[in-house]
Every structure is written in structure tokens, then in C-alpha cells.
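Encoded as C-alpha cells, the structure appears first; notes follow it.
Order of the sequence lines fixes the chain letters, A, B, ..., with proteins taken first and strands second; residue numbering starts at 1 for each chain.
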Amino acid sequence: SNPFEVKVNRQKFDILGRKTKNDVGLPGVSRSKAIKKRNQTLLKEYKEREKTNVFKDKRFGEYNTKITPEEKMIRRFALERQQNYGKKNIYNLNEDEELTHYGQSLAEIEKLNDIVDSDSDTEERGTLSAELTAAHFGGGGGLLRKKVSSEQRDEEEEKPKSRKELIEEMIAKSKQEKQERQTRRESALELTEKLDKDWKEIQTLIARKTPKSERKDKEVEKPKPDEYDMIVRELGFEMKAKPSERLKTEEELAKEEQARLQKLEADRLRRMHGIDEEANKKRPSHMSADDLADGFILDKDDRRLLSYKDGKINIENEEEKEEEEGEEDEEEEGEEEDNENEEESQEESASEDEENGAADSHSDLESDLDSEEEAAGNEEEKKNKANENEPQNVEKLDPKREAAKSELPYTFAVPESYETFKSLLAGRTIEQQLIILERIQKCNHPSLAVGNKAKLEKLLGFLLEYIGELATLDLPELRTIDKLVLPLYNLCQMFPEAASDSIKFILRDAAHDLEEVIEVKGRATFPGLDTLIYLKIVSLLFPTSDFWHPVVTPAFMYMSQLLTKCRITTLQDVIKGLFVCCLFLEYISLSRRFVPELINFLLGVLHISLPKNQAQGYTVVHPFTPVGKNLELLLVCDKEDLKSWEKQNVPLSIVTRLKETSRTEINHTRLSCLALCFDLIKKCAALYESLSSFHEIMHPVRMLLTQHVPVNEYPEKLQEWYHSALKELENKVKHYTPLICEKKKPVPLKQYTPKIVKVLEFGKKQAGNKKEQERKQLIQRHKRELKGAIREIRKDNQYLARMQLSETMERDSARKRKVKELLGSLATQEGEWKAMKRKKWKN
Amino acid sequence: QLPTGLYKKVLVILHDSVLPYMNEPTLMMDFLTVAYGIGGAISLLALNGLFILIHQHNLEYPDFYKKLYNLLDPSIYHVKYRARFFHLTDLFLSSSHLPAYLVAAFIKRLARLALTAPPEALLMIIPFICNLFRRHPACRVLVHRPAGPADMSEDPYVMEEEEPSKSRALESSLWEIQSLQNHYHPDVAKAAAVLNHSLSEMEDDISGLLELSAYELFDKEVKKKAADVPLEFEQVRGLFGKKNDIFAEHFSLD
């Protein structure tokens, strides 16, 4: 285009890789375009601003987007026909309409086509198929004649020839061709021989060092490499089966195990301190590799006996254990090692995983065949193996299990509803239930089918519900729950999200109920045993030491509410409260976090074990009152009972129903609670030792223990508990160092070295996360649009003003012109009149 | 002279539905001072009316702060009127003309009592204390004492002392808040960790925190979305199967 119309935006610096959009502009062109557009739209509107009549478009369906164009046409056509039909065609009796295609009448097209076809036919067929048709269709005389008819001269020559002659001719032709081919081949051979000779001569000239004798040797050797190759190939093929990994020694195994546990422990510690939460998020969960697993659940009984703090002790333990096992049967060891291999490969790569898995299944086959007689199919073996890996108790119950096996079907579908799930487990023994659950899990492993993941997640929910129901029974089946925790753990390892969601749901429900009760009655009561069991299960399934955890933190909050909001009216309440205290202690046993509610509650429990109207050196808080009716819940006065007491574990079923009606037993339970309380105080003291205000925290408890508790009345065992607790409290050194704020980090001077940032995409802002970026983008886009709109409006106004101005100018000029005209005509009139006058005067 | 329930009811509505409509609110002076002297929840409630009298009707109340100081006991973090009480305390302590020893005594006492408080109260009291530090820079020795003795065997602060000036609060340090940095609730721990660094200039707004309830906190935690759920890596061996399980020692599954 015209270089004078181009405007160039000069760039100050050239930046590599940056796309420049606006370096060249055509202001004239774009302006004219804009004006044209305004002429078509704005000007029209402006001109029609005072007009009220409207142009109506009555074409059928013109603005209806729902109708396809074809349909629209069809219906328009139908309408047209209807309109035409009414009057004109009444007298039109015999006239058919003309059919058209693309506006041309079909009849005409047909005529034209005929002519064109015949033309092309003659041209093409004649040249193409003269020989070919003769050769192929030679048999049929009539056909031949027809085909050949197009070429006039041939027809004349061949017509006299009979069929015999034709065939003879053909044979002769083919013979001739054969000969020709032979001669050609011979000549080619000769040529190549000649070439070879020449080449040999040249070769001797070029490379004298390879005399003929050696070449001969080589020729002799030629067959040999073939054999060699074959052997090599064979070997190669054999090698393709991957070498199985070396069986690891026990030490190595232990070392690996230790390394793995150390890694996990390091992870846990990091989470406990709440460091780099973002980094934590990015890290895939360590068991996610399980999802890729090939149907195995990798439980190892050798693993769970390990503790992760004392590596050395573990190694010894394991060595001993494995030595014993090794003596008994080496088969199992192999299997274990296979397990180990599998585990590793899963951690390392998924591709290796498959191969190893295949190898594993074979080794399983052998070992299982050896160890167990009955093995019906591969799947069954997997189950057996998993069974072996289940806790020790299954082995004890081996005969029972086999009996159960004979009854139970091998495949289970995942129950769709909780009722079917319950009916599935109803009436079975614990072992059978475990086997059923396991089989469900195996048969519906997520790697086997698409929907299995959702199904098993459902199963997880059912299992939790079932556990809750078992715990709410009159006679809580805690033993069953004890076993059911194992499949729950396995499921949880497979689906952490689902597990956390369902447990959170349970917790939310429980907290909601609590809140409602508080709102209605003012004070809440402790929840049932099921909730307590759920809280316990949380600590089994999730790491409780994390700084923040999606499940554990709400659980903490809920337990805190239990300890502060729930009213203590009965002995069961006390036991439940102490249970929650135990939970708290267990949750914080690794992280040593400070729980004020726990100390308060323990203080309160001690308080209610005292006779009324004690002199106070301490204050109890919320659920407990210094005065009131629910005091002396744990007070035991009976001397006999005091003497006969022996420390025993409190059965949990006592929470749902207090079966001991005799005073003695109740008193004994009270004393057990007290012992538990002392023990908890001792454990608290051990945990909180490092807190800087340990003595202030424990001050009320110590006061109460030293001044108010009637130690001498207690039985000797209880006195032991008491003294150990008190000792733990008192032998802590008082130690205070004044606090000093961390120094502010000095603000670094601004430097001129460029800040180097990784650029992922040019022209886009990098900072912030995805959401923030999106937001910024939106804001920017909005700003841009707003600016654009303002500019457009401004330009519209300018254009309109210009239009108005030109209009008024036009009007003015027209008026001027008219005035001039008038004045002119008046002047001429005047002139004429004066001339006339003059004439008169003259005359 | 009134039964406790009625007393409380009267005091709850006194400040906004009775006092503004009285011709001479000063007539309530005696009633309120007596109520303030009773102690416990009734004193807390009487504060509100008393404040109006002091603020708008030139009531001079001797040893007001001393009494307020003595009102602080472990139950203040647990009672129903917590929000109201701390709102007023915040008002009373907002004056920058208070002596440093008084504010320090208040800070120390509040912190000491916080050792028994539930998390919802802690989330409120820690910013409260931070605000006090901001208003009274002289008290910052409580968190920052670079030139003090290296080691002490006793906290100099005397909790039992009724007179704030004799409590020796200014010689002490806020070890309580340091302990709270180990609190189980992540938000509390974070809030307490603020005092490790020098404070920002802006005061925290605690009006939203006054009414916090435990259920709200729980709800907030439950609704948080987690991208990843860490799992326990120790294999389960039963309900009480953990190593050193406290439950196994004291409870049985029967």
C-alpha cells in the first residue's frame, strides 16, 4: 500500500521471542473503514431518528434461527404455492408444472446430457481398449464386433479373419514375445558377467592386500557365521526374559524397610511442623502406587512388627524372626521377597511392575501349590496369599477358615445399598465376614473394571456405617470391630479421599447433633460409643501428628467440644470423658501439642473424686462446677471396697449399660477410673515437660494432688499410681529464659543484577497461582474492553457532531444561496423598474 | 436483694433499654456498684451499665481497674457473656494513658488464664493481647527482653496478688503464649507464633472474633478442601493394636 499511509510504531528495544502486534498501522485505511461502518449504521439511525414508520420483513422465518435453511425454503415454497394456487390456477386444468433443478428445467437438462454422453463415449473407448478388449473378450464374436465397431479401419481389415486365424495370430505373438524376453535376459546376464570381470580386475588393482586365497577362505567360512548367528540369536531371544532380581539378603531387606520407614517418618515430621504445606500438596500420596497394583494388597506381616524409631532393634528382631521362618520353610521366604520386589517395582516404575507381577503370580503358584493343597484357579490363590498376609490370627483359625471357604462363594458383587451389605454379613462369624470383605475387594479391584473404584468407595462407607451400628448395639460387638478395622485400613489406603470424606461426614453429623442439643437444652451429653470408636479409628487411619490434617483437625475440634460442653452426670460420662482424654493423648503422643481441655478435664475428674466442701486452691472450669449436685461421682468411702480393689481394665461395654448393680463393683470401677486419671496425668506431664510454662499449666493439678487427695485412704496399688504421677509432676526443673523476639531480617539493598525468573510463556504474567492469574486476566480484559467501549462512544459522538455540523452548514449555505437569489431577483426587478422609469422619463 | 436469675436478666438489658430512658441515670449508681461488687457473672454484667455511667455521666469509680483485674479468673473464657466482657475490656484498656504496669499485669493475667481456655477463646485473646502490645509499646518487654538475666528459676509474676502494681508483671515474660505455640489447633498455634516477630503497626480487628463459637471453628475446618490426604503408614493391628497404646492399658474390648 501507499507508504505514506503506513504508520510505524518504533520499538525502543528489540526483544527476542516477543510477538509484536501493533508495530505497523494503517490509520487512513482504518479510519475510512470506521467512517464507512458508521455511515451504514449510525448515520442511518441518525437520519431515521424522528421517523416512526418501520420497515417490516415479512419473509417467512427470516429471523428464526431454529429452522434450518432447507426447511425454511421448503415452507416458503409451500406458502408460495398456496398463494398462487388460490385464484389463478382454478382454470388451469391440464398443465403440469415444470420440474426444475437449480432453476433449469429438468427436461432440457436431460436432452443436453444425452448429447454430451455420446460424444465422450466415442472418444474414450476407442483408444483405450482396442487391444485389451480384443485379448480379453476375444471369445465372444458378437461382443468383439460391437466393441471394435468404433474404429473404422480395423473393422475393415479384421472382418474377414475367422476366429481360428485370430487365435493363431495371438499364439504367434506370444511366442515371439517369449523369445524376445529370453534374449533380453541372456544379454543382461552377459553384461553382468562382463561387469563382474571388470570389477575384479579393478579390485585387484585397488586392494592388493586381499589375495584370492583369503577370499576363498572367506567363502569357506561363509556358512559358519550363519550358525554362529543362529546361536547368538537364540541366546538373544533367551535373554529377553528379564533377569529376575537377585534374592536379597535379610540385612538388605531390613535396610530397605528401614529406609522406607525413615522416609515416611521424615514426611510425617515435616507435616507435623506444618512446614511447606504447598510442597506437601504437590507430593503424591505415598500409597497412590497401590492404585496401579495388579490385584494384590501389599500387606506384610513382617513389616508391621517394626517400629520406626529404633532401626537397630528392628533389624535384630527381624533377623531372628526370619531365621526361624527360614528353618521352617524357605518357600515362604521366597514369597516374601517376591512381595518385596513387587513393592519396590511399584515404587519405581509401573512398567516394571507388570513384568514382576507376572513373575510373582508364577512363584505364587508354586509356593501355594506346595504349601496348600487346594488351589482352584489363579484368583483363588491371590486370595489365599492375601489371607496369609492378613494378621496372625487367621493362621490360628486355619481349619475354621477352610470350613468357611467350602461354604462361601468366591466372587461377590459390591452391595449397592447398606441393607444388602448388612444382609451379606449377617449371621456370619468374624472370620467369614473378613473373608467376604476381602473377596469383595479382590473381585472388584479398581484395575479390573472402570466402575469398581466408586463401588469400593461405597463399600468403605458401608463398612464405616456397619462399625457404627455394631458399636451402638446393646451388647457392642467390639471384638468384631477390632477385626473389621483391618479391611477398613486397606480400603482407606486405596481411597484416601473417599475415606476422609466419609469420616468427615460422620464427624460433621456428630458435631451438628451436639450443637443442636446445646442450642435446645443448653448443655450437651456425651455421644454414644460409636462416635468414640470412630474417633479412635481416625487415629488408626490417619497420621494424627500433622500440623493440619483434613480429618484429624476437625476430630480435634470435636473432641475439644466434648470435653468442654458435655455435662458430667453419671459414671459413664466420666468413663467416656476419660476415653476422650486417652484419645487426645494418643493423638498428640508424637507431636506433643498442648491441649488445655485435657488438663482441665483431668482436674475436674480429680475434683469429683473428692468429698464436698474441700478448701479450694484451684478453680475448675466449665463442665465441672465447684459446687453443685454432680459432685462426688468418683468418691469412694467404703473401706471394704477400697481394700478389695485391684487394677483392672475398664470394659468399654460399660458405657452403654451399667451391668454392675452391686455397689462394690461400681466402687471398683470408680477406683479404676481414678487410676486411669493418675496415669493420664503422668503421661501429660511427660509430654508437656518441654513447654515453657509447664509449671503454670500443671499448677492446679499439683495443688489438688498434694493438698486435697486423701492418699492414705487409697489402696496400695492406687497409691503407687498416685505417687508415680506426682513424681513425674514434681521432678521437673523450673527453668525460664526471657523471651526475645526474632530479629527482623534486614531488608536487602536493591541490586542492579537482573532478577532471573523462569519464563514459561512470553507475554504472560507469571506471578500468582492459577486462580489469581485468571482473575488478573479477567480484570485486564475488562479494562481493555472498557477503554475500547469508551473510545468507540467518543468516536461516535465526534462523528455525530460532524454530521450535525455539516448538516447545519448545508442548511446555512442553502439559505444564503436562496437569500442571494431573492436579493438578486429583487435587484433585477428594481433595475428593470428603474430602467422602465428612465425610459418613461426619456419618453 | 434479687434472685440471681432475675439479677442477670435485669443487668443484661439495663444498658440499652433502661439507662437511656431514665431522667437521672445516676440513680442507678448504687445498684450497679453493688452488683459490680458481687463477683462472678453478675459483676461482668454490671460492667456494661457502669461503663455508661462512667463514660457519659462523670461517675468516678475508685480502683475500677483493680476490680476489673480481679474479675479475671479461669471462668471468663468459658462463660456465655464472654463476647460482651471482652468487648468492654477492650474499651477500658484502649486508653493510651494507662500506666504500663497495669496493662502488663492485665496481659500477663489474661495469658496465664489462657492456659485453660478453649480454642475459640484463644483465637480471640491472642489478637487482643497483640493489640494491647501495640497500644502500649512499653509493655513489649514482655515479649522482648534482650538485656534480661539469662535464666530464671521462677516466674516473677505473682498470680495471687490482687494489686496490679505489685504483681511484678513487667519483670516477667509471656511464656504462656510461647506454650500456646504448641497448641493443637493450627490457627491458634499460628496466631501465637505472631509474637515471635515484631508486631506490625496496624491493630487487629477483634470484633469478628468475639462471638466465635466452637461449632463455627469446627465447621470451618470441615469445609476446608484438601488436595491430598496423608495416611497413617503404620499397619493396623486392631482397634487397640498400636504400640504403647494407652487404651490397651486401661480399657478392654468386652
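With a 4.5 Å cut-off on non-hydrogen atoms, A:Q561 touches chain B through its side chain but not through its backbone. For A:H695, no part sits under 4.5 Å from any heavy atom of chain B, backbone or side chain. Heavy atoms of A:L676 lying under 4.5 Å from chain B belong to its backbone as well as its side chain. Both the backbone and the side chain of A:F579 come within contact range of chain B, each with at least one heavy atom under 4.5 Å from a heavy atom of that chain. Both the backbone and the side chain of B:R145 come within less than 4.5 Å of a heavy atom of chain A. In this structure, chain A has a heavy atom under 4.5 Å from the side chain of B:A189, while its backbone stays farther away. Proximity to chain A involves both the backbone and the side chain of B:F240, based on heavy atoms less than 4.5 angstrom apart. Contact annotation for A:C492: both backbone and side-chain heavy atoms come within less than 4.5 Å of a heavy atom of chain B. Heavy atoms closer than 4.5 Å to chain A are found in both the backbone and the side chain of B:L174.
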From CA spacing to verdict: side-chain contact (heavy atoms from CB on, under 4.5 Å), A:E265, B:F233: CA-CA 9 Å; A:E265 175 69 10; B:F233 54 81; 3.9 Å; yes

From CA spacing to verdict: side-chain contact (heavy atoms from CB on, under 4.5 Å), A:L540, B:E232: CA-CA 7 Å; A:L540 294 177; B:E232 177 67 49; over 6 Å; no

Chi angles and distances behind the side-chain contact (heavy atoms from CB on, under 4.5 Å) call for B:F251, A:I575: CA-CA 10 Å; B:F251 291 100; A:I575 294 171; 4.0 Å; yes

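Most heavy-atom pairs under 4.5 Å with chain B, from the set A:K565, A:K683, A:E477: that is A:K683. The candidate with the highest count of non-hydrogen atom pairs below 4.5 Å against chain B, out of A:P550, A:A511, A:S690, A:S591, is A:A511. Among A:C582, A:S539, A:S500, the residue with the largest count of heavy-atom pairs under 4.5 Å with chain B is A:C582. Counting heavy-atom pairs closer than 4.5 Å to chain B, the top-ranked of the candidates A:L507, A:I599, A:V552, A:T564 is A:L507. With chain B as partner, the option from A:L680, A:L603, A:N600, A:V485 having the largest number of non-hydrogen pairs under 4.5 angstrom is A:N600. Counting heavy-atom pairs closer than 4.5 Å to chain B, the top-ranked of the candidates A:R592, A:R508, A:E497 is A:R508.
Side-chain contact between B:W175 and A:L691 is absent, with no heavy-atom pair separated by less than 4.5 Å. Annotation: side chain of B:F247 is in contact with side chain of A:L583 (closest heavy-atom distance under 4.5 Å). Residues A:F556 and B:H185 are not in side-chain contact: their nearest non-hydrogen atoms beyond the backbone lie 4.5 Å or more apart. The side-chain heavy atoms of A:E696 and B:D155, taken from C-beta on, include a pair separated by under 4.5 Å. No side-chain heavy atom of A:S693 sits under 4.5 Å from any side-chain heavy atom of B:Q178. B:D219 has its side chain out of reach of A:H512: every pair of non-hydrogen atoms, C-beta onward, lies at least 4.5 Å apart. Residues A:F547 and B:K190 meet the side-chain proximity criterion, which asks for heavy atoms closer than 4.5 Å. In this structure, A:L541 and B:L231 have side chains that are not in contact, with every pair of non-hydrogen atoms separated by 4.5 Å or more.
Taking a 6.0 Å sphere around NZ of B:K166, one finds it holds 12 or fewer heavy atoms contributed by other residues, nucleotides or ligands. More than 12 heavy atoms of other residues, nucleotides or ligands lie within 6.0 Å of CD in B:E216, so this atom counts as buried by the packing criterion. At most 12 heavy atoms of other shown residues, nucleotides or ligands fall within 6.0 angstrom of atom CD in B:E162.
Rounding to the nearest 0.5 angstrom, the gap separating the SG atom in A:C581 from the NE2 atom in B:H250 is 11.5 Å. Rounding to the nearest 0.5 Å places CD of A:Q493 at 7.5 Å from CD of B:Q235.
Heavy-atom minimum distance, B:P186 versus A:T553: CD-CG2, 3.7 Å. Taking all atoms of both residues into account, the shortest heavy-atom contact from A:W548 to B:E221 is NE1-OE1, 2.6 Å. For B:A214 against A:M557, the heavy-atom pair with the smallest separation is O-CE, 4.3 Å. Nearest heavy atom pair, residue A:P543 against residue B:P230, reads CD-O, 3.4 Å.
The aromatic ring centroids of A:Y587 and B:Y184 lie 6.0 Å or more from each other.
B:H183 and A:F594 have perpendicular rings, their planes meeting at more than 60° on a 0 to 90° scale where under 30° would count as parallel.
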